[in-house]
Amino acid sequence: MPPAKQLIGVIDLPGPERDALAQTIARDDLAVYAASGIEELPPETALIVAHARAVSRAEWERLAERLPTLVVSDDRQDADLLKAVEAGLVDYIIDPLRHGSLLRRMIVKAIEVHRLAAERERDRTRLAHLNENLEELNESLETHLAMLRLDQQAGGQIQRKLLPPRPQTLQGVTFDYWLAPSLYLSGDFLDFQGFDERYSLFYFADVSGHGASSAFVTVLLKYLSNRWQQEWDGEHPERLAPRWLEALNRELLDAGIGKHATLFVGVIDHRRRYLHYSLGAQLPMPLLVTDGEVQALPGEGMPVGLFPGVDYPSLGCPLPENFRLWLCSDGILECLPGDTLEGRLRELERRVLASETLEDLRGSLALEHLADDDEVVAQSAPGHEELPDDLTIMVLSGFGNDKS
C-alpha cells in the first residue's frame, strides 16, 4: 500500500491564479486543498501555502501558530508580503508559478523540519517526565538505602553485643581480640567463656562470604555453643571440640542455607595446662609462640557445613608457663605482602613472633587507622573501603597471670 500523500492547504482568493498555484503544488506525492481562509482547511492539513494578498495581518499570526506556513507573492515589493514577514513568517517564495520545483522542495523541507521539531518537543516532554520519575525513584532508592543502612548498623551493633568483653582473663589466661567487618555485618565470630575453675572454652569461626547471611550463621553459632556448653558435664574434654564441630556440621547442612565455615574450637585445662582442640579447615592455622619460637598447631579437618557424616579430629598440646596463641581469619592474608600463599603465611609467622600484643600485630599490618572501639566499628563499618574481607585477630596469652 503506497504511503498517504501529504495534504497541503492553499489559501488564496478564488480564481484561476489559485487553481494554477494548486496545480503547481499537486505533484511529488503532495495533495492540495484550496480554501479562502484557515477555517476551511481540513484537520489533516500538514502545511499551508498562503498568498500574501489573501491573508490579513492578524491572520498571519494565527496561521503561524497553527501550522508551518509558506508565503507566496508575485512581487518582492508586495506590501502584503512585508506584513507576513513582520508577523514572523520568514519562509517565502516570489513568483511561485515560475519556481514550482523550488516551491515543492521548500514544502517538503518545511514539513520535515516541522516533524523533527514536533518529535524533539515530544522527546523533551518525555524526558522531562522521565526526569521527574527518575528523581522520585532516586528519592525512593535513597530512602530504602538509608533504611537498609540503619538496619545493617543495628544488626552490626547487635552482633557486637554477642561478642565477649575484651580483654578478659580467665584462670590466668588472657583473651583479647580485634574484629573489623568489611561491611556492617561480619561473617567472622568468636567467643570465650569460663566453664568452671578448671576449664575454659573458646572458638574462632569464619563463615563463608560476609554480610547479613553470614552474620545470621554467627548468631546460630552463638546460640548452639551456649546450649552445648550448658549440656556438657565437664567430663572428657578431649571429646567436646570434635563433638561441637560434628553437631554444627549437621545443623548447617539441615538448614540448607548454602553456608559453610572454617572453625577452631578449643578447651583449656587450666589444671593440667593443656589445650584440647579440633578444627575444620582453619586457615591460617593457629600459631603458638613459646620460648621465642613460633609453630602452627598440627591437625586438619574438613570445612563445617559442606559434607555430611564428617568426623573431626580430637587434638591437643601442652601449654607452657608463657605462651601466646594467635588465631586470624583469612582476611589477614590480604594485608600481607607476598605473591604466594606460602609466602604470606611465612610473613604472618614472622610478624606474630615479633608481636607481644594485639596492638603490635595490628601496627605491623598498618591497620592502626581502623577504629578499635567496638561501637564505632559496628556503626561505621570502618573496613568497608579499606578491607576486601572481614578481618579478625584473636590472641590468648598465659599463664603468666596465674597465681594459683
Test: Arg351 and Glu347 ion pair at under 4.0 Å: yes
Crowding at CD, Glu44 (>12 non-hydrogen neighbours, <6.0 Å): yes
Residues, nucleotides or ligands: over 12 heavy atoms within 6.0 Å of Glu197 CD: no
Aromatic ring pairing His270/Phe399, orientation class (parallel under 30°, perpendicular over 60°, tilted between): perpendicular
Short N-O contact, Glu112 and Arg115, less than 4.0 angstrom: yes
Pair Asp123 + Arg120: basic N to acidic O under 4.0 Å: no
Trp244 and Tyr312 aromatic centres sub-6.0 Å: no
Residue Asp196 excluded, over 12 heavy atoms near CG under 6.0 Å: yes
Derivation of the side-chain hydrogen bond (donor to acceptor under 3.5 Å, both in side chains) call for Asp176 and Gln168: CA-CA 7 Å; Asp176 200 3; Gln168 190 175 155; over 6 Å; no
Over-ring placement of Arg362 relative to Trp178, 6.0 Å and 45° cut-offs: yes
Backbone of Leu162 reached by a side-chain donor or acceptor of Lys222 within 3.5 Å: yes
Asp74 with Arg53: basic N within carboxylate O range, under 4.0 Å: yes
Arg166 to Phe175, cation-pi by 6.0 Å centre distance and 45° axis angle: no
Other residues, nucleotides, ligands: >12 heavy atoms within 6.0 Å of Arg198 CZ: yes
Ring centers of Phe264, Tyr203 separated by less than 6.0 Å: no
